[in-house]
Amino acid sequence: MKLTDFQALGIRRELADVLQQNGIHTPTPVQKQVIPAALAGRDVLAQAQTGTGKTLAFILPIIEALSDLRSSTQALILAPTRELAIQITDEMKKLAPAAGATVLAVYGGQDVEKQVRQLRNAPAVIVATPGRLLDHLRRQTVHIRGIRTLVLDEADQMLHMGFLPEVQAIIEQTPDDRQTLLFSATLSDAVRRLAAAYTKDAADIRIQGKTV
Ligand code: ADP
Ligand code: MG
């Protein structure tokens with residue numbers, strides 16, 4: 001049987017099928033480069049314009065790597081705004097059932113006590129804005145010492161919004177041997193410094209132009 005283009009990148013059949021059902025048949029350039037590198041366990045620094053499909057580029061390898069033998073949080077995705085956190089969570093939820101995984105969005109403006117209860121179940125993946133996640137770390141109501149993958153999405157925007165101190169404080173509480181995937185529409189000096197500080201031997205992926 002013919003492999004789909006996503007399967008050829010290392011994505012399992014069930015996930016590729018869900019993608020097909022959602023009208024997604026062919027990987028974008030950033031997905032083609034990021035997915036194999038991330039599946040191989042490498043850190044990634046990826047720069048591509050808005051609308052080039054960066055979200056699936058990190059969602060798919062994370063879901064592939066999730067282990068249902070673990071009852072702790074395995075991946076943490078940081079995003080600058082609640083809208084983006086919700087969007088990433090929604091996209092992930094379409095695919096996560098195929099992997100039996102739980103995904104939780106954590107952002108400001110939501111009832112903290114409700115989040116505390118949801119966090120007690122140690123979702124496999126947490127998608128969070130930096131400020132609210134740091135609140136939970138200080139209350140010790142979230143546990144990220146066991147994560148394997150950290151994603152910094154829209155890193156340029158996150159820095160532009162002044163989240164560097166929060167992002168640093170959060171990363172300090174993740175394991176040193178984590179995998180780090182950093183995505184940005186632009187590569188400012190500040191983004192490069194962030195990548196230099198928190199990625200190791202990252203695959204350096206730059207995509208020119210708009211391609212979805
Ligand atoms: P970015 O994060 O780079 O700004 P998104 O990940 O938000 O871009 O993707 C932009 C849009 O493209 C979304 O609507 C998404 O569903 C769609 N998309 C992503 N990957 C593909 C693909 N391989 N084929 C078709 N559409 C895609
Ligand atoms: Mg994006």
Side-chain angles (χ1 to χ4, degrees), residues 2-39 43-65 75-99 103 105-107 125-130 133 149-161 163 167 179-188 190-192 194-195 198-199 202-212:
K2 187 180 173 296
L3 289 181
T4 68
D5 292 338
F6 278 99
Q7 282 176 279
L9 295 179
I11 300 304
R12 84 184 83 149
R13 178 75 196 261
E14 293 93 310
L15 290 180
D17 284 348
V18 180
L19 291 173
Q20 298 260 19
Q21 288 153 20
N22 284 280
I24 294 179
H25 307 282
T26 310
T28 65
V30 71
Q31 291 162 5
K32 273 189 195 139
Q33 294 199 46
V34 169
I35 290 170
L39 285 176
D43 283 2
V44 167
L45 166 60
Q47 184 240 320
Q49 280 182 32
T50 301
T52 51
K54 294 190 290 298
T55 315
L56 276 179
F58 60 80
I59 282 182
L60 290 169
I62 285 177
I63 293 181
E64 277 299 329
L76 170 64
I77 299 164
L78 293 180
T81 64
R82 68 187 263 174
E83 289 73 24
L84 190 58
I86 291 169
Q87 195 185 313
I88 294 166
T89 305
D90 287 347
E91 246 185 278
M92 197 132 197
K93 278 183 173 165
K94 281 187 210 153
L95 297 159
V103 187
V106 174
Y107 48 83
V125 182
I126 294 175
V127 184
T129 51
L133 189 78
T149 302
L150 169 72
V151 176
L152 304 174
D153 192 26
E154 311 282 359
D156 49 357
Q157 204 186 334
M158 220 146 34
L159 295 177
H160 190 70
M161 290 170 71
F163 279 131
V167 169
Q179 178 184 40
T180 307
L181 310 176
L182 190 156
F183 292 82
S184 196
T186 57
L187 276 192
S188 60
V191 172
R192 285 177 211 273
L194 188 69
Y198 297 115
T199 64
D204 202 333
I205 294 165
R206 317 266 173 95
I207 304 296
Q208 306 295 330
K210 206 168 171 102
T211 39
V212 169

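Computed over heavy atoms, backbone and side chain alike; hydrogens, waters and symmetry mates excluded. Counting starts at 1 for both ligands and their atoms, in listed order.
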Problem set entry | Chi angles and distances behind the salt bridge (Lys or Arg N to Asp or Glu O under 4.0 Å) call for Lys94, Asp90 | CA-CA 7 Å; Lys94 281 187 210 153; Asp90 287 347; over 6 Å; no

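- Scored by the salt bridge (Lys or Arg N to Asp or Glu O under 4.0 Å) test, Arg206 finds Asp204 as partners (sequence neighbours excluded).
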For this session: Tell me, with the steps shown, if Gln87 and Leu84 meet side chain to side chain contact (heavy atoms under 4.5 Å, CB included).
Result: CA-CA 5 Å; Gln87 195 185 313; Leu84 190 58; 4.1 Å; yes

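- With ligand atoms numbered from 1 in the order given, ligand 1 contributes 1 (P), 3 (O), 8 (O) to contacts under 4.0 Å with heavy atoms of Thr52.
- Every atom of ligand 1 is numbered from 1 in the order shown, and the set under 4.0 Å from a heavy atom of Gln87 is 7 (O).
- For Gln49, every heavy-atom contact with ligand 1 shorter than 4.0 Å involves the backbone, none the side chain.
- Qualifying ring pair (Phe, Tyr, Trp, His ring centres under 6.0 Å) partners for Phe6, counting only residues two or more places apart in sequence or in other chains: none.
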Problem set entry | Verdict with supporting geometry, Met158 and Leu194, side chain to side chain contact (heavy atoms under 4.5 Å, CB included) | CA-CA 11 Å; Met158 220 146 34; Leu194 188 69; 6.0 Å; no

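- We find the CZ-OG1 distance between Phe183 and Thr55 to be 8.5 Å, quoted to the nearest 0.5 Å.
- Distances shorter than 2.8 Å separate the Mg ion (ligand 2) from the protein N/O/S atoms Glu154 OE2.
- A heavy-atom separation below 4.0 Å is not found between His25 and ligand 1.
- Among Asp5, Ile24, Ile88, the residue whose heavy atom sits closest to atom 22 (C) of ligand 1 is Ile24.
- To the nearest 0.5 Å, atoms CG (Leu181) and CD1 (Ile59) are separated by 12.0 Å.
- For atom 7 (O) of ligand 1, the nearest non-hydrogen atom from the set Leu60, Leu56, Thr55 comes from Thr55.
- Heavy atoms of Val30 found under 4.0 angstrom from ligand 1: none, in either backbone or side chain.
- At least one heavy atom of Gly51 sits closer than 4.0 Å to an atom of ligand 1.
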For this session: Could you go through the side chain to side chain contact (heavy atoms under 4.5 Å, CB included) check for Val34 and Lys54 one step at a time?
Result: CA-CA 9 Å; Val34 169; Lys54 294 190 290 298; over 6 Å; no

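- Distance CG/Leu56 to CG/Leu19: 6.0 Å, rounded to 0.5 Å.
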Problem set entry | Evaluation steps, side chain to side chain contact (heavy atoms under 4.5 Å, CB included), between Thr4 and His25 | CA-CA 7 Å; Thr4 68; His25 307 282; over 6 Å; no

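- Below 4.0 Å from some heavy atom of Thr26 lie the following atoms of ligand 1, by number and element: 22 (C), 23 (N), 24 (N).
- In terms of the side chain to side chain contact (heavy atoms under 4.5 Å, CB included) criterion, Ala8 has no residue partners (sequence neighbours excluded).
- At least one N/O-N/O distance between Lys54 and ligand 1 falls below 3.5 Å.
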